[in-house]
Student: 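Starting off with a structure, shown below.
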Amino acid sequence: MAEEIKKEEKSLNFLEEIIEEDLKSGKYKSIVTRFPPEPNGYLHMGHATSICLNFGLTKKYSGYTNLRFDDTNPSTEETEYVDSIKEDIKWLGFQWKNEHYASDYFDELYEYAVTLIKKGLAYVDDLNADVIAAMKGSPTEPGTNSPFRDRSIDENLSLFERMKNGEFPDGTHTLRAKIDMAHTNMLMRDPLLYRIKHAHHHRTGDKWCIYPMYDFAHGQSDSIEQVTHSICTLEFVPHRELYDWLIEKLEIFPSRQYEFARRNLSYTVMSKRKLLQLVTEKHVDGWDDPRMPTITGMRRRGYTPESIRDFCDRVGIAKRDNVTDVGLLEFCVREHLNKIALRRMVVFDPVKVVLTNYNELPGQTEMLTSEDNPEDEKSSHRDIPFSKELYIEREDFMENPPKKFFRLAPGQMVRLKSAYIIKCDDVIKDETGAITELHCTYIPESVSGNDVSDIKVKGTLHWVSVKHAITAELRMYDRLFKTEDPSKEEGDFKDYIDPDSLQTIKTVYAEPALKKAKFDERYQFLRKGYFTLDKDTSESRMVFNRTVTLKDSWKPQPSKGG
RNA sequence: UGCCGGAUAGUGUAAUGGUUAACAUAUCACACUUUGACUGUGAUGUUCUCAGUUCGAGUCUGAGUCCGGUGACCA
């Protein structure tokens, strides 16, 4: 027996390295992470990265992940978002251990503030926002101490309590940490800890009129929950110093913050503000528009959670700015859908084929059969009716084909998928010269599964029987933007929206098996792409969304002289 | 202008001082194919610059360049 264990050692990302080191050194026996959305918007692909990271880490190493809503700003947050966020996380396939709210900790946070005041490390400032901002100084110039900086502890205590009791209007007082107004890190120049907001909170109602700032809530919540690794994006790097300072002064559980680069995707935008703009200005159909990089949008588009997780795994994480090619996401989606999608034939832009030598018996329909998914050896099958009159794709016929055109052309033969080989004999046109029918002959002995014709053809076409076809509406979605990084372009990012990113085909012709389409199924319309049923489907109208096209490497050769 | 990050094929990541810098995707060929899909085979293509340390540098040091973040009573 070979002693060498050939283990495919997958390299670790920088967070896995840190965690393995922490586990090895005995610093922690198990790890705790958290996913901390603010309930003021819908989750998008960037959040999905963070979710996969946080939950993935505690799944790989022993531990768990909490869901914590960072609801410290009552004026922007709503319960509506809480529900959608939870739904999205579950849909992605993750389950949190505890559901927390920063607002659950308001009492403790208040006590922490009192502790800081008693230590002489925080004070109530009577300055208004503008003055405080002005006195912060600039990156190159130190700030100026507030005249209220050296109030007595007792006075601070009393003032802070009166703030809590609602004795002051909004904006008149704040609680600030007493650190260093000349600090090179602007965030350390006596940062605000609490502000007065006489606002109704979605969970605590009217109990509070003072609310902690992010910096005085996030790290403290981490600590209360004994989060070991608090993972956030790079723009919070400057906050880490304050994060550590507060934990040290408060002498609470030392959670540690680690930062990674947020995930950007090409041909889309990812900031909450921009996505909101797209919705409110009606450039898209809503948060769940299938072109949106939101979880709900991708779900409606037909993306699978498996493919999104796979994508996150493949791209990994690091600390450098990135714009990941959305093509990679599309690859992951195709790869998964190829395995699970049921095959169906749908003709988008029909041209009629008449099989001149096919004799239909009255009252009888020839039924053919085809596998639902050739990737699956145990695939189920469905029946497909065949008849004298068929539709094929208009683009699958050319009167004057270029070289290597494997489809239908005068005198040329093709296979109809799961049916017969046919040969084109005549092209029928109307008075304008437009092709109305193709007269073909079929080869009876070439039937799929029992082909004794010995004819080899290069092309196989999808088709439907005219009289058996059902109709549906198709929404062909493409990338929302025309440029890779719309935010980087000159002018407004919205100028780069692709007006053709949604093209609706009102009527397409499908084989009857598609009538039984279900919302949780994915379909591959043969040679066309992956589709899923849209919520706009009604009794009278089926609507399908194109999730992603099939890869298509065929390029028509330039034909010479007609 | 200060402070803090970062720079490896087109893109995203790996290589933890030691062969010819790897993997995925993309692109291009070829093969296979009752989906011009899938699959298979091959090819193209990479360490920001300069100097230094070292037998040996993508990795360490210094300088420079470029990119990003940061100056909300937002998170």
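Just so it is clear: chains get the letters A, B, ... in the order the sequence lines come, proteins before strands, and each one is counted from 1.
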Student: For nucleotides B:rC4 and B:rA43, find the distance between their P atoms and express it as a whole number of Å.
Tutor: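 Nearest-Å result for B:rC4 against B:rA43 at atom P: 46 Å.
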Student: Tell me the interatomic distance from A:Tyr243, atom OH, to B:rC4, atom C1', rounded to whole angstroms.
Tutor: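 It is 18 Å, rounded to the nearest whole Å.
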Student: Do the side-chain N or O atoms of A:Arg320 get closer than 4.0 angstrom to the phosphate oxygens (OP1, OP2) of B:rU8?
Tutor: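 Indeed, a polar side-chain atom of A:Arg320 lies that close.
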Student: Scan A:Gly449 against the nucleic acid and name what it touches under 4.0 Å (heavy atoms): base, sugar-phosphate only, or nothing.
Tutor: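 Touches a base.
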Student: Strictly by Watson-Crick or wobble contacts shorter than 3.5 Å, is anything paired with B:rG68, and which nucleotide is it?
Tutor: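 For B:rG68, the partner nucleotide comes out as B:rC4, under the 3.5 Å rule.
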Student: Checking all strands, does A:Phe406 fall into the base, sugar-phosphate, or nothing category for heavy-atom contacts under 4.0 angstrom?
Tutor: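 Base, at least one base atom sits under 4.0 Å.
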Student: Just checking A:His239: base, sugar-phosphate only, or nothing, at a heavy-atom cut-off of under 4.0 Å?
Tutor: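 Counting heavy atoms under 4.0 Å across all strands, the contact made by A:His239 includes a base.
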Student: How far does the P atom of B:rG58 sit from the matching atom of B:rA7, given to the nearest Å?
Tutor: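 It comes out at 15 Å once rounded to the nearest Å.
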Student: Considering only B:rC73, B:rU35, B:rC38, which nucleotide approaches the side chain of A:Asn338 most closely?
Tutor: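 Between B:rC73, B:rU35, B:rC38, the one nearest the side chain of A:Asn338 would be B:rC38.
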Student: So, does A:Thr72 get its side chain near the phosphate of B:rA75, meaning an N or O under 4.0 Å from OP1 or OP2?
Tutor: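 Result: yes.
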Student: In whole angstrom, give the distance that lies between atom CH2 of A:Trp245 and atom C1' of B:rC4.
Tutor: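 About 20 Å, once rounded to whole Å.
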Student: Please check: side-chain N/O of A:Arg382 versus main-chain N/O of A:Arg343, any donor-acceptor pairing under 3.5 Å?
Tutor: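 Confirmed, A:Arg382 side chain pairs with A:Arg343 backbone.
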Student: Side chain of A:Ala318: nearest nucleotide among B:rG2, B:rU13, B:rU34?
Tutor: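 When the side chain of A:Ala318 is considered, B:rU13 is the closest of B:rG2, B:rU13, B:rU34.
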Student: Could you work out the separation of B:rA22 and B:rU47 based on their C1' atoms and round it to a whole Å?
Tutor: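 That atom pair is separated by 13 Å.
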Student: B:rG36, B:rU13, B:rG5: which one has an atom nearest the side-chain heavy atoms of A:Phe405?
Tutor: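 Nearest listed nucleotide: B:rG36.
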Student: Where the side chain of A:Ser448 is defined as all heavy atoms beyond and including C-beta, which of B:rA37, B:rU70, B:rU34 is the nearest nucleotide?
Tutor: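 The answer is B:rU34.
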Student: Classify A:Gln524 by what it touches in the nucleic acid, base, sugar-phosphate, or nothing, heavy-atom distance under 4.0 Å.
Tutor: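 Here A:Gln524 touches the bases of the nucleic acid.
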Student: Would you please confirm or rule out a distance under 4.0 Å between OP1 or OP2 of B:rG5 and any side-chain N or O of A:Arg262?
Tutor: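 The answer is no; no side-chain N or O of A:Arg262 sits under 4.0 Å from OP1 or OP2.
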Student: Judged by each residue's nearest nucleotide on RNA chain B, which is more toward the 5′ side, A:Ile317 or A:His173?
Tutor: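 Here A:Ile317 is the residue nearer the 5' end.
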Student: Using the C1' atom as the reference point in each nucleotide, state the distance between B:rA9 and B:rA21 in Å, no decimals.
Tutor: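 Looking at atom C1' only, B:rA9 and B:rA21 are 11 Å apart.
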Student: Are A:Phe160 and A:Tyr194 near enough that their ring centres are under 6.0 Å apart?
Tutor: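 Centroid distance A:Phe160-A:Tyr194: below 6.0 Å, so yes.
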Student: Would you mind classifying the nucleic acid contact of A:Ala129 as base, sugar-phosphate or nothing, using non-hydrogen atoms under 4.0 angstrom?
Tutor: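 Base: the residue A:Ala129, judged by heavy atoms under 4.0 Å, touches a nucleobase.
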Student: Among A:Asp215, A:Asn185, A:Asp244, find the residue that satisfies the side chain to side chain donor-acceptor pair (under 3.5 Å) test when tested with A:His239.
Tutor: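 Looking at A:Asp215, A:Asn185, A:Asp244, the match for A:His239 under the side chain to side chain donor-acceptor pair (under 3.5 Å) is A:Asp215.
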Student: Which nucleotide, if any, forms a Watson-Crick or G-U wobble pair with B:rG12, using both distances under 3.5 Å?
Tutor: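 B:rC23 is the nucleotide pairing with B:rG12.
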Student: Could you identify the nucleotide paired to B:rU34, looking across every strand shown and requiring Watson-Crick or G-U wobble geometry with both distances under 3.5 Å?
Tutor: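 Because no pair has both required distances under 3.5 Å, B:rU34 counts as unpaired.
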Student: State whether A:Arg195 places a side-chain N or O below 4.0 Å from either non-bridging phosphate oxygen (OP1 or OP2) of B:rA72.
Tutor: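 No, A:Arg195 has no side-chain N/O under 4.0 Å of OP1/OP2 on B:rA72.
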Student: Counting only side-chain nitrogens and oxygens, does A:Lys197 get under 4.0 Å of the OP1 or OP2 atom of B:rC74?
Tutor: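 Yes, A:Lys197 has a side-chain N/O under 4.0 Å of OP1/OP2 on B:rC74.
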Student: Determine whether the aromatic ring centres of residues A:Tyr420 and A:Phe386 are separated by less than 6.0 angstrom.
Tutor: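 Ring centres of A:Tyr420 and A:Phe386 closer than 6.0 Å.
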Student: Which nucleotide wins on minimum distance to the side chain of A:Asp325, given the candidates B:rU11, B:rC38, B:rA14?
Tutor: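 Ranking B:rU11, B:rC38, B:rA14 by closest atom to the A:Asp325 side chain puts B:rU11 first.
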Student: Answer with base, sugar-phosphate or nothing: what part of the nucleic acid does A:Pro36 contact at a heavy-atom distance below 4.0 Å?
Tutor: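 Touches nothing.
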Student: Paired with B:rG17 by Watson-Crick or G-U wobble geometry, both distances under 3.5 Å: which nucleotide is it?
Tutor: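 The answer is none; no pair meets the criterion.
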Student: Using purine N1 to pyrimidine N3 plus N6-O4 or O6-N4 for Watson-Crick, or N1-O2 and O6-N3 for G-U wobble, each under 3.5 Å, what pairs with B:rU47?
Tutor: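 Because no pair has both required distances under 3.5 Å, B:rU47 counts as unpaired.
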Student: In whole angstrom, give the distance that lies between atom CD of A:Glu235 and atom P of B:rG6.
Tutor: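 So the CD-P distance, A:Glu235 to B:rG6, works out to 15 Å.
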Student: May I ask you to say what A:Arg263 touches in the nucleic acid, namely base, sugar-phosphate or nothing, with a heavy-atom cut-off under 4.0 Å?
Tutor: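 Sugar-phosphate contact only - A:Arg263 comes under 4.0 Å of backbone atoms but never of a base.
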Student: Test side chain to side chain contact (heavy atoms under 4.5 Å, CB included) on A:Phe69 and A:Thr79; report intermediate values, then the result.
Tutor: CA-CA 10 Å; A:Phe69 290 97; A:Thr79 306; over 6 Å; no
Student: Over all strands shown, is A:Met345 touching base, sugar-phosphate only, or nothing at heavy-atom distances under 4.0 angstrom?
Tutor: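 No contact.
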Student: Which listed nucleotide (B:rU34, B:rA15, B:rC67) is nearest to the side chain of A:Asp321?
Tutor: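 Of all the options, the side chain of A:Asp321 is nearest to B:rC67.
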Student: May I ask you to say what A:Asn73 touches in the nucleic acid, namely base, sugar-phosphate or nothing, with a heavy-atom cut-off under 4.0 Å?
Tutor: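 A:Asn73: backbone/sugar contact only, no base atoms under 4.0 Å.
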Student: For A:His462, which of A:Glu393, A:Lys528, A:Arg344, A:Lys417 qualifies under side chain to side chain donor-acceptor pair (under 3.5 Å)?
Tutor: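 Checked A:Glu393, A:Lys528, A:Arg344, A:Lys417 against A:His462; only one passes side chain to side chain donor-acceptor pair (under 3.5 Å): A:Glu393.
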Student: With rounding to the closest Å, how many angstrom separate the C1' atoms on B:rU46 and B:rU13?
Tutor: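 Each nucleotide's C1' atom is 13 Å from the other's.
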Student: May I ask you to verify if any side-chain N or O of A:Arg314 is less than 4.0 angstrom from the OP1 or OP2 atom of B:rU11?
Tutor: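 For B:rU11, neither OP1 nor OP2 has a side-chain N or O of A:Arg314 closer than 4.0 Å.
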Student: Please check if the side chain of A:Ser223 supplies one atom and the backbone of A:Gly219 the other of a donor-acceptor pair under 3.5 Å.
Tutor: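 It does not hold such a pair.
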Student: Touch check for A:Val323, heavy atoms < 4.0 angstrom, all strands: base, sugar-phosphate only, or nothing?
Tutor: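 If one applies the 4.0 Å heavy-atom cut-off, A:Val323 turns out to touch the sugar-phosphate alone, with no base involved.
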Student: Need the pair for B:rU54. Rule: Watson-Crick or G-U wobble, both distances under 3.5 Å, any strand; none if unpaired.
Tutor: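 Matched B:rU54 with nothing under the 3.5 Å cut-off.
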Student: In whole Å, what separates the C1' atom of B:rU41 from that of B:rG5?
Tutor: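 Per the computed distance, 43 Å lies between those C1' atoms.
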Student: Does B:rG2 have OP1 or OP2 under 4.0 Å away from a side-chain N or O of A:Ser138?
Tutor: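 Checking A:Ser138 against B:rG2: no side-chain N or O falls below 4.0 Å of OP1 or OP2.
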Student: Could you check whether A:Tyr509 and A:Tyr391 have their ring centres less than 6.0 Å apart?
Tutor: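 They qualify: ring centres under 6.0 Å apart.
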Student: Can you tell me which nucleotide in B:rA14, B:rA37, B:rC73 comes closest to the side chain of A:Lys551?
Tutor: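 Selected nucleotide (nearest to the side chain): B:rA37.
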Student: Looking only at side-chain atoms of A:Phe331, point me to the closest of B:rC4, B:rG36, B:rU25.
Tutor: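 Nearest nucleotide to the side chain: B:rU25.
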Student: Who is the Watson-Crick or G-U wobble partner of B:rA29, with both distances under 3.5 Å?
Tutor: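 Its partner is B:rU41.
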Student: Go through B:rG2, B:rA14, B:rG36 for me and flag the one nearest to the A:Thr184 side chain.
Tutor: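 Out of B:rG2, B:rA14, B:rG36, the nucleotide with an atom closest to A:Thr184's side chain is B:rG2.
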Student: Output yes when A:Arg314 and A:Asp310 qualify as a salt bridge under the 4.0 Å nitrogen-oxygen rule, no when they do not.
Tutor: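 Counted as a salt bridge, because a side-chain N and a carboxylate O are separated by less than 4.0 Å.
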Student: Between B:rG42 and B:rC23, how far is it from one P atom to the other, in whole Å?
Tutor: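 One P to the other, the span is 11 Å.
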Student: Using a heavy-atom cut-off of under 4.0 Å over every strand shown, decide if A:Tyr194 touches base, sugar-phosphate, or nothing.
Tutor: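 It contacts nothing in the nucleic acid.
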Student: Classify A:Gly171 by what it touches in the nucleic acid, base, sugar-phosphate, or nothing, heavy-atom distance under 4.0 Å.
Tutor: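 If one applies the 4.0 Å heavy-atom cut-off, A:Gly171 turns out to touch a base.
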Student: Of all the heavy-atom pairs spanning A:Gln257 and A:Glu259, show the shortest one and how long it is.
Tutor: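 A:Gln257 and A:Glu259 have their closest heavy atoms at NE2-OE2, 3.0 Å.
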Student: Pick the nucleotide of RNA chain B nearest each of A:Leu127 and A:Asp451; which residue has the one closer to the 5' end?
Tutor: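 Upstream on the strand: A:Asp451.
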Student: For a quick check of understanding: with a heavy-atom distance under 4.0 Å over all strands, which category does A:Leu192 fall into, base, sugar-phosphate or nothing?
Tutor: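 If one applies the 4.0 Å heavy-atom cut-off, A:Leu192 turns out to touch a base.
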Student: For B:rU8 versus B:rU53, give the span between their P atoms, rounded off to a whole number of Å.
Tutor: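 About 27 Å, rounded to a whole number of Å.
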Student: Counting any heavy atom closer than 4.0 Å, what does A:Asp215 reach on the DNA or RNA strands: base, sugar-phosphate only, or nothing?
Tutor: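 No contact at all - A:Asp215 keeps every heavy atom at 4.0 Å or more from the nucleic acid.
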Student: Counting only side-chain N and O atoms of A:Arg415, is one of them less than 4.0 Å from OP1 or OP2 of B:rG36?
Tutor: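 No.
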